[in-house]
Engineer: 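The structure is given below, and queries will be raised subsequently.
Residue numbers begin at 1 in each chain, while the letters A, B, ... track the order of the sequences.
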Amino acid sequence: MNAEASAFVGLLRACAKKKDCCRGARIHADVLKRGFLDRNSHVAEYLVALYANCGVLPKAQELLDALHIRGVVAWTALIAGYTRYGHCQHALQCYDRMQQEGIAADVVTFTCVLKACGTLGDFDKGKQIHDLISKQNLLDNDVFLGTALVDMYAKCGALVKAHLALDELPCRDVICWNALITGYAQHEQGQNALDCFEHMQQEGLFPNAVTFTCALKACGHIGDINKGEAIHDEIMKQDFLREDLSLGNALVDMYMKCGDLAKAQEVLELLPIRDVISWSALIGGYAQQGQGQEALDCFEKMQIEGLSPNSVTLTCLLKACSSIGAADKGEKIHDEIVRQGLLESSIVLGNGLVDMYAKCGALAKARQVLNDLPVRNVISWSTLIAGYADQGQGHNAISCMERMQQEGFSPNAVTFTCLLKACSSIGATEKGEEFHDDISRQGFFKNNVALGTALVDMYAKCGALAKAQRAFEELPSGDVVCWSALIAGYAQHGYGEKALHCFELMQLNGLSPDTITFSSVLNACSHSGLVGEGELIFDSMTREFGIKPNVEHVASMVALFGHAGHLDKAVEVIQKIPSLQSSPAVWLSLMGACKRWGDVNIGQWAFEQAVRPLMNPILT
DNA sequence: CTAGGGTTAG
């Protein structure tokens with residue numbers, strides 16, 4: 001290659017590196033003018049690299065296709081470009097073509113191909129590349145390649161393989177540990193991520209900002225706030241927050257996931273720099289915890305700082321509106337979404353809108369939004385079906401499913417869960433049985449306790465208790481929720497003894513009853529007049545299981561005692577728990593008993609107690 | 001050419 005050609009190569013490499021496509025194109029024109037492309041394929045290879053790096057992929061591909069002699073540089077540049085700009089499938093196709101032409105891949109090619117495999121989750125292809133690399137002993141002198149290998153396995157979710165690959169590397173640095181830790185954190189194996197975090201430091205390596213970011217994510221997943229705080233201290237000592245936005249955001253998210261919302265907000269307010277993602281983490285956390293108003297307040301503050309919401313922020317805000325039934329605020333968010341034109345690109349956001357209107361009870365609007373969506377999926381439909389089911393509009397839920405099928409979508413396990421709920425809301429046992437058959441045929445009951453519970457609940461609510469019992473027994477596994485559904489079914493239909501029997505069986509199976517189980521059991525006692533049993537169970541609830549009585553528990557006990565004529569005991573239960581005395585349900589239960597036994601005195605007293613909290617806002 | 005942050009249906 002002559003001096004002029006190598007000067008062009010140098011210029012093109014510089015433009016490729018800086019992604020300066022404009023200057024690169026001028027050089028391209030110059031190269032053409034002097035006829036270099038005909039005489040010197042090396043210059044042409046770097047032209048491919050220029051366009052690939054700048055993301056002008058069709059142009060890069062076109063140039064490569066036109067070359068008669070093309071080597072590893074051009075192929076690798078194109079593969080790297082496709083991978084970087086998210087066309088990993090194309091990257092792998094290029095790799096295959098390169099192989100067919102007999103061009104040997106080098107470490108850079110392999111690194112890029114591994115990244116493409118990881119992004120696609122293509123384990124088989126990744127493994128095949130790994131074998132090639134091992135055969136050529138390429139891992140001995142290239143840290144980048146080793147990292148790419150660990151990262152590929154980690155992204156495919158093959159974490160044992162990833163860990164093994166890391167162990168076998170001749171030398172390990174922070175970055176390859178980060179790849180593994182990230183993999184564990186992203187696949188919800190928080191403890192393994194934190195173990196690696198320790199292990200890495202035992203090897204004498206210091207965590208950097210990325211390591212801390214991933215470790216914080218892991219803490220959030222397993223709710224380990226102590227570890228999270230320790231990492232927070234370390235970050236402050238090293239003053240990492242000043243230069244790293246992601247790290248601050250991970251910190252906010254960690255406190256949110258660990259349930260310390262106040263601390264999360266405090267951290268955000270003290271961040272030296274924050275962006276829309278920082279606020280989204282906070283808004284998302286509040287929305288998740290059902291604190292919709294706080295989420296909306298954060299949105300105000302974020303806007304005052306001059307930041308605009310993106311589709312993730314808006315998704316969180318919709319959830320916030322749903323949680324407090326704020327359809328008016330939700331409509332404002334809807335307007336913003338339309339203004340930004342986001343419905344075209346974000347199906348998640350569209351589904352969030354359907355959910356918001358549905359949860360606010362505006363089902364006609366939810367349906368209209370769904371109809372107007374440019375793209376829909378099974379989640380869009382399931383959301384609407386869930387909305388109808390929640391509002392007791394079972395018939396509409398079922399007709400939605402029919403329309404969904406006409407559009408070519410098949411119901412999945414979640415859809416069926418909603419549909420079963422729809423059946424229970426209208427007592428549609430026969431339709432429920434049809435769904436039961438469909439679900440069994442498709443094997444959805446395996447590994448899905450929630451679906452099984454919905455089935456038991458459907459039969460139980462419809463009063464088909466023998467079928468509920470049979471469905472329950474056929475489930476591969478049952479948790480507390482599932483048992484509670486069965487117990488509630490027996491309770492509701494007056495089979496108190498059976499409910500109590502289930503309650504005991506459940507505990508014999510090693511499961512501890514929760515608040516809801518006790519609601520059902522006490523309800524069973526009160527419906528069946530099992531005074532002694534109810535009293536014992538109510539007592540054990542706090543003493544043995546540490547569960548504080550709620551309104552439903554107390555109302556059941558008052559009904560139980562009251563029905564049996566023990567008005568004194570009913571009054572006693574209420575008086576023991578002052579925090580529940582503002583609940584009308586408790587007093588209504590007592591007044592019912594007074595009416596039955598003709599006790600005017602207690603009845604009048606109960607009435608006064610019930611009315612007082614209702615009158616206070618009016619009087620003052 | 002290698003590692004990191006926020007999000008839809010039960």
Engineer: Measuring from the side chain of C418(A) (C-beta onward, heavy atoms only), which nucleotide among dG4(B), dG10(B), dC1(B) has the closest atom?
Structural biologist: dG10(B)
Engineer: Find the distance E336(A):CD to dT7(B):C1' and express it as a whole number of Å.
Structural biologist: 16 Å
Engineer: For Q265(A), what residues pass the side-chain hydrogen bond (donor to acceptor under 3.5 Å, both in side chains) criterion, not counting sequence neighbours?
Structural biologist: E269(A), Y286(A)
Engineer: Calculate the interatomic distance between D275(A) atom CG and dG6(B) atom C1'; express it in whole Å.
Structural biologist: 9 Å
Engineer: How many whole angstroms separate atom CG of D457(A) from atom C1' of dG10(B)?
Structural biologist: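 Those two atoms, CG and C1', are 12 Å apart.
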Engineer: Within this structure, what is the OH-to-C1' distance between Y357(A) and dT8(B), rounded to whole angstrom?
Structural biologist: 16 Å
Engineer: From C-beta outward on A179(A), which listed nucleotide comes closest to its side chain: dC1(B), dG10(B), dA3(B)?
Structural biologist: dA3(B)
Engineer: Given dT2(B), dG4(B), dC1(B), identify the nucleotide with an atom nearest to the side chain of T147(A).
Structural biologist: dT2(B)
Engineer: To the nearest 0.5 Å, what is the distance between CG (D244(A)) and CD1 (I273(A))?
Structural biologist: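 That separation rounds to 8.0 Å.
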Engineer: Nearest to the A386(A) side chain among dG10(B), dT8(B), dA3(B), which nucleotide is it?
Structural biologist: dG10(B)
Engineer: Mind checking D173(A) for me? I need base, sugar-phosphate or nothing, with any heavy atom below 4.0 Å counting as a touch.
Structural biologist: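 Contact class for D173(A): none.
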Engineer: To the side chain of K115(A), which of dT2(B), dG6(B), dG4(B) is closest?
Structural biologist: dT2(B)
Engineer: With W279(A), which residues qualify under ring-ring contact (aromatic ring centres under 6.0 Å, His included), at least two apart?
Structural biologist: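 So W279(A) forms no ring-ring contact (aromatic ring centres under 6.0 Å, His included) with any residue.
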Engineer: Can you figure out which of dG4(B), dT8(B), dG6(B) approaches the side chain of N310(A) most closely?
Structural biologist: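 So the nucleotide nearest the side chain must be dG6(B).
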Engineer: Could you list by number each residue of residues 203-217 of chain A showing a heavy-atom separation from DNA chain B of less than 4.0 Å, or answer none if no residue does?
Structural biologist: N208(A), A209(A), V210(A), T213(A), C214(A), K217(A)
Engineer: Give me the ring orientation class for H199(A) and H163(A): parallel if the planes are under 30° apart, tilted from 30 to 60°, perpendicular past 60°.
Structural biologist: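 Rings of H199(A) and H163(A): tilted, 30 to 60°.
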Engineer: Report which part of the nucleic acid A450(A) touches: base, sugar-phosphate, or nothing (heavy-atom distance under 4.0 Å, all strands).
Structural biologist: base
Engineer: Can you check the I277(A) CD1 to dG4(B) P distance for me, whole Å?
Structural biologist: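 Taking atom P of dG4(B) as the reference, CD1 of I277(A) is at 14 Å.
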Engineer: Please name all residues satisfying ring-ring contact (aromatic ring centres under 6.0 Å, His included) with W75(A), sequence neighbours left out, ordered by chain then number.
Structural biologist: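 Partners of W75(A) by the ring-ring contact (aromatic ring centres under 6.0 Å, His included) criterion come out as none, since no residue qualifies.
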Engineer: Just the rounded figure in Å: distance from P of dG4(B) to CH2 of W177(A).
Structural biologist: 16 Å
Engineer: Applying ring-ring contact (aromatic ring centres under 6.0 Å, His included), can you list everything that pairs with F299(A), at least two apart in sequence or on another chain?
Structural biologist: none
Engineer: With a 4.0 Å cut-off on heavy atoms, is I283(A) in touch with a base, just the backbone sugar-phosphate, or nothing at all?
Structural biologist: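 Nothing, no nucleic acid heavy atom in range.
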Engineer: For Y357(A), give me all partners under ring-ring contact (aromatic ring centres under 6.0 Å, His included), at least two apart in sequence or on another chain.
Structural biologist: H334(A)
Engineer: Have a look at T383(A) and say if it touches a base, only the backbone sugar-phosphate, or nothing, with a 4.0 Å heavy-atom cut-off.
Structural biologist: sugar-phosphate
Engineer: I want to verify a distance call: between dC1(B), dG4(B), dT7(B), whose nearest atom is closest to the K257(A) side chain?
Structural biologist: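 Of the options given, the side chain of K257(A) lies nearest dT7(B).
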Engineer: Which nucleotide sits closest to the side chain of N178(A): dA3(B), dT2(B), dG6(B)?
Structural biologist: dA3(B)
Engineer: Return the nearest nucleotide to the side chain of L247(A); candidates are dG10(B), dG4(B), dG6(B).
Structural biologist: dG4(B)
Engineer: What nucleotide among dA3(B), dG6(B), dC1(B) has an atom nearest to a side-chain atom of R84(A)?
Structural biologist: dC1(B)
Engineer: What is the distance, to the nearest angstrom, from the CD atom on Q391(A) to the P atom on dA9(B)?
Structural biologist: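 Rounded to the whole Å, the gap is 16 Å.
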Engineer: Would you please classify the geometry between the F416(A) ring and the F444(A) ring as parallel, tilted or perpendicular, with 30° and 60° separating the classes?
Structural biologist: tilted
Engineer: In this structure, how many angstroms lie between the P atom of dG6(B) and the NZ atom of K319(A), rounded?
Structural biologist: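 From K319(A) NZ to dG6(B) P: 15 Å.
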